[in-house]
Enquirer: 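This is the structure I want to talk about, given as C-alpha cells.
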Amino acid sequence: MEAELYRVQTKLNLSKRNIIPVGLKNLCNLCCLEVESAMHLFFECRRTHDLWNKCYTWWGDQQVLAANNQQHFWQHVGNLRGVNRKLAG
C-alpha cells in the first residue's frame, strides 16, 4: 500500500521531483495546516475525516473513524468490502 501512496501527485511528491517551485508552500489545500503528503491527505487531514464521514453516511453506514491512519485504512477497506456486498446483493 505504501508504494502506491507515493505515486499520488501531492505537493510533497511534486516538490521532491522539482515539478513545483522550491519556494512554494507545500501545505494541504484542504486544511492549510500540514504538508500535503499522501498519508496526510488520505488519512490524517481533519477535512478528509469529515469527507469520509459524509461518504459513510451516503452509503448508509455510520462509522467512528479510527485513531491512527493504519487502523483507518483497514477500517475503510473492510467497509468497502461490505458496501460491495450490499451493492451486489
Side-chain angles (χ1 to χ4, degrees):
M1 172 192 93
E2 215 168 295
E4 288 81 13
L5 285 177
Y6 290 114
R7 294 179 184 170
V8 176
Q9 301 304 306
T10 63
K11 289 182 181 179
L12 181 62
N13 286 343
L14 294 172
S15 66
K16 284 180 180 179
R17 295 179 181 132
N18 295 318
I19 294 172
I20 59 174
V22 175
L24 187 68
K25 290 187 179 182
N26 294 336
L27 294 180
C28 171
N29 281 334
L30 298 174
C31 70
C32 299
L33 298 173
E34 300 288 334
V35 171
E36 186 185 89
S37 66
M39 293 299 281
H40 171 76
L41 188 61
F42 288 106
F43 305 117
E44 299 169 350
C45 181
R46 183 74 246 154
R47 302 288 299 268
T48 303
H49 279 253
D50 294 341
L51 178 62
W52 283 123
N53 275 329
K54 287 180 182 184
C55 288
Y56 290 133
T57 300
W58 180 64
W59 292 329
D61 192 8
Q62 295 297 320
Q63 294 294 317
V64 175
L65 295 178
N68 67 53
N69 56 13
Q70 262 189 336
Q71 289 176 349
H72 177 218
F73 173 77
W74 290 114
Q75 178 184 12
H76 176 69
V77 168
N79 283 330
L80 282 181
R81 289 181 183 150
V83 168
N84 289 339
R85 278 189 226 121
K86 286 181 193 175
L87 292 176

Enquirer: Using a strict 4.0 Å threshold on nitrogen-to-oxygen distance, state whether Arg46 and Asp50 make a salt bridge.
Expert: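 Yes, Arg46 and Asp50 are salt-bridged.
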
Enquirer: List, by chain and then residue number, the residues other than Val35 in its hydrophobic cluster (Ile/Leu/Val/Met/Phe/Trp/Tyr, side-chain heavy atoms under 4.5 Å); write none if there are no others.
Expert: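 The other cluster members (ILVMFWY side chains, heavy atoms under 4.5 Å, direct or chained) are Leu12.
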
Enquirer: The criterion is side-chain contact (heavy atoms from CB on, under 4.5 Å); which residues satisfy it with Leu30, sequence neighbours excluded?
Expert: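 Residues passing side-chain contact (heavy atoms from CB on, under 4.5 Å) with Leu30: Cys28, Leu41, Cys45, Arg47, Thr48.
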
Enquirer: So which pairs with a foot in residues 33-43 pass side chain to side chain donor-acceptor pair (under 3.5 Å), sequence neighbours left out?
Expert: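 Applying side chain to side chain donor-acceptor pair (under 3.5 Å) to every pair that reaches into residues 33-43, excluding sequence neighbours, yields nothing.
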
Enquirer: At what distance, to the nearest 0.5 angstrom, does OG1 of Thr10 lie from CG of Asn29?
Expert: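 If I round to the nearest 0.5 Å, the distance is 11.0 Å.
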
Enquirer: Considering all heavy atoms of both residues, which atom of Leu27 and which atom of Cys32 are nearest to each other, and what is their separation?
Expert: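 What the structure gives for the nearest pair is CD1-O, 3.7 Å.
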
Enquirer: Work out which heavy atom in Ser15 is nearest to a heavy atom in Asn26; give both atom names and the distance.
Expert: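 It is OG-ND2, 3.3 Å.
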
